[in-house]
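Atoms within a ligand are numbered from 1 in the order they appear, just like the ligands themselves.
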Amino acid sequence: MNTVSPTTDVKDFLSQEPIPHFINGGFAPGGAKPQAVMNPATGQPIAQVAMARAEDVATAVEAAHAAFPTWAALSPSERAVRLHRLAEAVEANLETLAQLEALDVGKAIEAARGFDVPFGAECLRYFADISVRAVYDRPLAVKNIEARVHRAPYGVCGFIFPWNFPFTLLCWGIGPALAAGNTVVVKASEVTPLSSLYFGKLAEAAGIPRGVINILTGTGPEAGQPLAEHPLVKRMSFTGSTPVGKLIGRICGERLAPCKLELGGKGAAVVFDDVDVDAAAEGLAGAITLNTGQVCCTATRWFLHEKIYDRFVDKVAQVLKSTRIGPGLSPETAMGPLVSQAQLDRVLGYYEKGLAEGATPVVTCERPAVPGAEGGYFVSPHLLTGSDDNVCFREEVFGPTAYLVKFKDEDDAAARVNRLAYGLANSVWTSDLTRAQSFAEKIVAGNSWINAHNVFAYGLPYGGVNLSGTGGGVNSPETFDDYLRNQTIARPL
Ligand code: NAD
């Protein structure tokens, strides 16, 4: 398969040994031993990256703390102008960022060009614009007291991100925090840190004052935990797995720092017998091949009405088997490799466990040979069916796979969807839009989508409940409000 040639900027960036952190407006080495970042399409190293320890995290937090008063004192419009400049820098470097994302995560370059990078830039603009229109002081009509509620930024906000959508999640996280006047320290995933570290260069070029944005990487225990524990971090945001989210929640609870948790999921799609079967099959095939199924909210349990089960399976098998699998850097690729050897082991391990617990393959799991990309972490999209007690029905696999079950009765389907403690996103597929609306309410999650799965837009709140998260979610005006603290100012008359 043809692959795009890396831009000069990509080559220069990757040739640094190691790629440094971005702290206090400059590029800093980390205290821990640099680590190789792997190309998931080949299993070979792409670059060496500096790794942070607690001391580096402390330096970054102190820089963000020192930068806070000046950044917070700018008017919302002055900050918004800088965030728009930053968005422009992202757009001007779209190809470089998309290539880094495709190389590092393994995602299809066309998806990185068309979604991950531009949608990140749009986020910076969205929250910049909200900040200009926001009300920061609200007078209170209270008997015998002159009073108002004043809204102010918290100070330093800490962010820990996972490896699956590094660039988009970075922007979703820090966009609202910066627009509200906070400064930020980011711990990017050590598995896919490249686009986040490159973003530091853009922040510098866009004239973001030094110390306002700090980006480092390192392991969770060595760099993530010290960030969550640091007393100068006044607000935390964690996106990642539920077990680590619980740990971050405990750390923040101990020191009473507000914390946003965006965690794992086990989304369901419920397909009624009145759907356009071909369109629904194509939609759900797309949901599990998007980002090689490494999508927290995607549809991984498919409830198919018994009347259309066979037709649906025939169509979806045909679509999945024709998926073009290849390296992320190839424009012909529809689905890239899994992100790492560990993720490959996990996905294959779940397939084996599922079979051992009695599941039947509907579309088998293969290791496709990809010419020119030997050694890559490739796996074919696959489907299992069986009982609701199977491990692949109950647990998050995080790969290009779904577990199929039949249903006949609507209430029974809703009860089975709601049986798990995850609550991130589900979808309902039917041509009866009245039924769609009422069923969407019955399935408990932060998001219910109708005749589509994975629906994102700014202004559409996105977040989880139960084991999928807490703390308000992202992408809406309320996300901006989350990054302002309320202060009541009152004078008895
Ligand atoms: P992970 O929880 O293993 O790691 C996430 C981040 O936490 C990484 O930066 C990691 O270094 C850090 N970390 C790990 N251990 C830590 C510790 N002890 N202390 C502090 N930080 C620590 O998750 P992952 O494997 O990178 O990502 C996959 C998970 O993320 C999936 O469960 C997926 O559903 C979830 N996810 C959720 C959303 C959402 O919006 N709800 C979005 C993307 C991914």
A.B. asks: Side-chain contact, heavy-atom cut-off 4.5 Å: Trp172 with Phe165?
C.D. replies: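 With C-beta onward as the side chain, the pair stays apart.
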A.B. asks: If you measure from each non-hydrogen atom of Thr242 to ligand 1, which part falls under 4.0 Å: side chain, backbone, both or neither?
C.D. replies: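 Neither part.
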A.B. asks: Please work out whether any backbone atom (N, CA, C, O) or any side-chain heavy atom from C-beta onward of Leu424 is under 4.0 Å from ligand 1, and answer side chain, backbone, both or neither.
C.D. replies: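 Under 4.0 Å from ligand 1, Leu424 contributes side-chain atoms alone.
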A.B. asks: Look only at interatomic distance and state if Thr219 has a nitrogen or oxygen under 3.5 Å from any nitrogen or oxygen of ligand 1.
C.D. replies: no
A.B. asks: For ligand 1, is there an N or O atom under 3.5 Å from any N or O atom of Asn164?
C.D. replies: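 There is no such contact.
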A.B. asks: Give the atoms of ligand 1, by number and element, whose distance to some non-hydrogen atom of Trp163 is under 4.0 Å.
C.D. replies: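 Atoms satisfying the 4.0 Å criterion: 24 (P), 25 (O), 26 (O), 27 (O).
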A.B. asks: So, His84 versus Asp129: side-chain donor-acceptor pair below 3.5 Å or not?
C.D. replies: yes
A.B. asks: Does anything in residues 219-239 form a ring-ring contact (aromatic ring centres under 6.0 Å, His included)? List the pairs, not counting sequence neighbours.
C.D. replies: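 Checked against ring-ring contact (aromatic ring centres under 6.0 Å, His included) - neighbours excluded - no pair reaches residues 219-239.
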A.B. asks: Looking only at the side chains, is there a donor atom on one of Ser15 and Glu17 sitting less than 3.5 Å from an acceptor on the other?
C.D. replies: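 No.
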A.B. asks: Answer yes if the ring centres of His382 and Tyr351 are under 6.0 angstrom apart, and no otherwise.
C.D. replies: yes
A.B. asks: In terms of the angle between their ring planes, are Phe22 and Phe27 parallel, tilted or perpendicular, with boundaries placed at 30° and 60°?
C.D. replies: tilted
A.B. asks: What is the closest protein heavy atom to atom 38 (C) of ligand 1, and at what distance does it sit?
C.D. replies: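 That would be Cys296 SG, 3.1 Å.
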A.B. asks: With the threshold set at under 4.0 angstrom, would you say Gly469 reaches ligand 1 through any of its heavy atoms?
C.D. replies: no
A.B. asks: Would you compute the distance between atom OH of Tyr126 and atom OG1 of Thr479 and round it to the nearest 0.5 angstrom?
C.D. replies: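 So the gap between those two atoms works out to 7.0 Å.
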A.B. asks: Determine, using heavy atoms of Phe238 and all atoms of ligand 1, whether some pair is separated by less than 4.0 Å.
C.D. replies: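 Heavy atoms of Phe238 do come under 4.0 Å of ligand 1.
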A.B. asks: Run down the list Val295, Thr192, Ile160 and name the one with the heavy atom closest to atom 12 (C) of ligand 1.
C.D. replies: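 Nearest heavy atom to atom 12 (C) of ligand 1 lies in Ile160.
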A.B. asks: Any protein heavy atom sitting closer than 4.0 Å to atom 4 (O) of ligand 1?
C.D. replies: no
A.B. asks: Do Tyr350 and Glu395 have side-chain atoms, one donor and one acceptor, less than 3.5 Å apart?
C.D. replies: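 The criterion, which ignores hydrogens and geometry beyond distance, is satisfied for Glu395 and Tyr350.
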A.B. asks: For atom 28 (C) of ligand 1, grab the closest protein heavy atom and report residue, atom and distance to one decimal in Å.
C.D. replies: Phe398 CE2, 3.7 Å
A.B. asks: At what distance is the nearest protein heavy atom to atom 35 (C) of ligand 1, and which residue and atom is it?
C.D. replies: Gly240 O, 3.2 Å
A.B. asks: Would you please classify the geometry between the Phe115 ring and the Phe456 ring as parallel, tilted or perpendicular, with 30° and 60° separating the classes?
C.D. replies: tilted
A.B. asks: State, yes or no, whether a side-chain contact exists between Val379 and Leu348 at a heavy-atom distance under 4.5 Å.
C.D. replies: yes
A.B. asks: Does any pair with a residue in residues 113-128 pass salt bridge (charged side-chain N to carboxylate O under 4.0 Å, His left out), and if so which ones, sequence neighbours excluded?
C.D. replies: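 Every salt bridge (charged side-chain N to carboxylate O under 4.0 Å, His left out) pair that includes a residue of residues 113-128, provided the two are not neighbours, is Glu88-Arg125, Glu91-Arg125, Glu95-Arg113, Lys107-Asp116, Glu110-Arg113.
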A.B. asks: How far is atom 34 (O) of ligand 1 from its nearest protein heavy atom, and which residue and atom is that?
C.D. replies: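 Of every protein heavy atom, Glu396 OE2, 2.6 Å lies nearest to atom 34 (O) of ligand 1.
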A.B. asks: Once you restrict to heavy atoms under 4.0 Å, what part of Leu227 touches ligand 1? Side chain, backbone, both or neither.
C.D. replies: neither
A.B. asks: Please confirm whether Phe407 and Phe303 have ring centers closer than 6.0 angstrom.
C.D. replies: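 So the answer is no for these two rings.
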A.B. asks: Looking at ligand 1, does any of its N/O atoms fall within less than 3.5 Å of an N/O of Ser468?
C.D. replies: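 No, since none of the N or O atoms of Ser468 sits under 3.5 Å from an N or O of ligand 1.
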A.B. asks: Check Gln294 against ligand 1 and report side chain, backbone, both or neither, counting heavy atoms closer than 4.0 Å.
C.D. replies: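 Near ligand 1, Gln294 shows nothing, with every heavy atom at 4.0 Å or more.
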A.B. asks: Inspect the surroundings of CD in Gln16 and state if more than 12 heavy atoms from other residues, nucleotides or ligands are less than 6.0 Å away.
C.D. replies: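 Enclosed.
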A.B. asks: How close does the nearest protein non-hydrogen atom get to atom 27 (O) of ligand 1, and which residue and atom is it?
C.D. replies: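 For atom 27 (O) of ligand 1, the nearest protein heavy atom is Pro162 CB, 3.2 Å.
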A.B. asks: Closer than 4.0 Å to some heavy atom of Tyr462 - which atoms of ligand 1 meet that?
C.D. replies: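 Atoms satisfying the 4.0 Å criterion: 40 (O).
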A.B. asks: Distance to 0.1 Å, residue and atom name: give those for the protein heavy atom nearest to atom 22 (C) of ligand 1.
C.D. replies: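 Checked against all protein heavy atoms, atom 22 (C) of ligand 1 sits closest to Gly220 CA, 3.2 Å.
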A.B. asks: Give the atom numbers and elements of ligand 1 that come within less than 4.0 Å of a heavy atom of Gly224.
C.D. replies: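 Taking each heavy atom of Gly224 in turn, ligand 1 has 20 (C), 21 (N) under 4.0 Å.
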A.B. asks: Tell me which part of Val191 gets within contact of ligand 1: side chain, backbone, both or neither, using heavy atoms under 4.0 Å.
C.D. replies: neither
A.B. asks: Above 12 or not: heavy atoms from other molecules or residues under 6.0 Å from CZ of Arg210?
C.D. replies: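 Atom CZ in Arg210 is not packed in, count stays at 12 or less.
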A.B. asks: Which residue owns the protein heavy atom closest to atom 18 (N) of ligand 1, what's the atom, and how far is it?
C.D. replies: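 Here the closest protein heavy atom is Leu247 CD2, 3.2 Å.
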A.B. asks: So which heavy atom in the protein is nearest atom 9 (O) of ligand 1, and how far is it from that ligand atom?
C.D. replies: Phe161 O, 2.7 Å
A.B. asks: Heavy-atom contact check, 4.0 Å cutoff: does Ile251 meet ligand 1?
C.D. replies: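 Outside the 4.0 Å threshold, so no.
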A.B. asks: Report yes if Ser241 has an N/O atom closer than 3.5 Å to an N/O atom of ligand 1; otherwise report no.
C.D. replies: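 Among all N and O atoms of Ser241, at least one is under 3.5 Å from an N or O of ligand 1.
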